[in-house]
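Taking it in order: structure first as structure tokens, then the write-up.
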Amino acid sequence: APAIEAEGLTKRYGATLAVDALSFTLPRGGTVGLLGGNGAGKSTTIAMLLGLLIPTGGRVRVLGHDMARDRFAALARANFSSPYIALPHRLSVAENLLVYAHLYDVPDAAGRIAELAAQLSLADLLDRPAGQLSAGQKTRVALAKSLINRPDLLLLDEPTASLDPDTADWVRSWLERYRQESGCAILLASHNMAEVERLCDHVLMLKTGRLVDSGSPAELLSRYGRDD
Ligand code: ADP
Ligand code: ADP
């Protein structure tokens, strides 16, 4: 089964149609960008894919599981990262990662944490309280947290939104390498065309909840140019 199959996915908040009959497929190992400005419906879509919001209409299967019936099976093999989710401040980096390792029943949690710490240059920070980290360090911890269960599907909501340009660039390079080496399917929500162009093989353009265009990054650039 594909990583994600959405059919007519719809979310209404009162009079606001936040996501309007969105259909798309994310193949296993593929990378799809959800490109759109504020209010386009990116976060609402991701929340429905995570089972955090119940759709008003439509259907979504994640890793072959229908989210309306079987969401825990889907979520065991998926994970999520967003700069807007805070890390518990008083817990050390290692303790933060251990919480998520237990949540996902990761075998050999200590070994997995050491491995991620090496990959994300966190080894010297493991004993530091999360509240004392810089934004770039927090981003690396958030990435480690989202990879703790070796997910088959990673949902990234604006992964570089709160970062300075150099750190944002580091994160994009890291993700570029990760997606090639891991074979993990990635859904990347972003308002940044350059980011989506670099990381995604297929792009869905959303505007006020509607899918207004889709194609490869090259196709969208040829239609809209670089300044969206
Ligand atoms: P159409 O709008 O003509 O129905 P498709 O949705 O079939 O277009 O896709 C057009 C091209 O994009 C095809 O080559 C298809 O394989 C590719 N494609 C579609 N969805 C994805 C995706 N999620 N990831 C990667 N490639 C995709
Ligand atoms: P994006 O992530 O692309 O910025 P969102 O999914 O956050 O877009 O929002 C889509 C639309 O839904 C916006 O019009 C937003 O104001 C509205 N919206 C989002 N969350 C809520 C909510 N909890 N209650 C009411 N309206 C909401």
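Order of listing sets the numbers, starting from 1, for every ligand and every atom in it.
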Quiz item: Using a distance-only test with no angle check, is there a side-chain donor-acceptor pair under 3.5 angstrom linking Glu195 and Ser190?
Solution: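 On atom types as modelled, these side chains qualify, holding a pair under 3.5 Å.
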Practice problem: Taking only heavy atoms of the protein into account, state which residues are under 4.0 angstrom from an atom of ligand 2, in chain and number order. | Solution: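 Near ligand 2, by chain and number: Tyr13, Thr16, Ala18, Gly37, Asn38, Gly39, Ala40, Gly41, Lys42, Ser43, Thr44.
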Exercise. Applying side chain to side chain contact (heavy atoms under 4.5 Å, CB included) between Tyr178 and each of Leu154, Leu199, Leu143, report the one that passes.
Key: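 The passing option is Leu154.
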With sequence neighbours excluded, tell me which residues meet salt bridge (Lys or Arg N to Asp or Glu O under 4.0 Å) with [X].
{"X": "Asp70", "answer": "none"}
{"X": "Asp164", "answer": "none"}
{"X": "Glu115", "answer": "Arg112, Arg150"}

Quiz item: Near Arg210 CZ, under 6.0 Å, is it more than 12 heavy atoms from other residues, nucleotides or ligands?
Solution: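 Not buried by this count: 12 neighbours or fewer within 6.0 Å.
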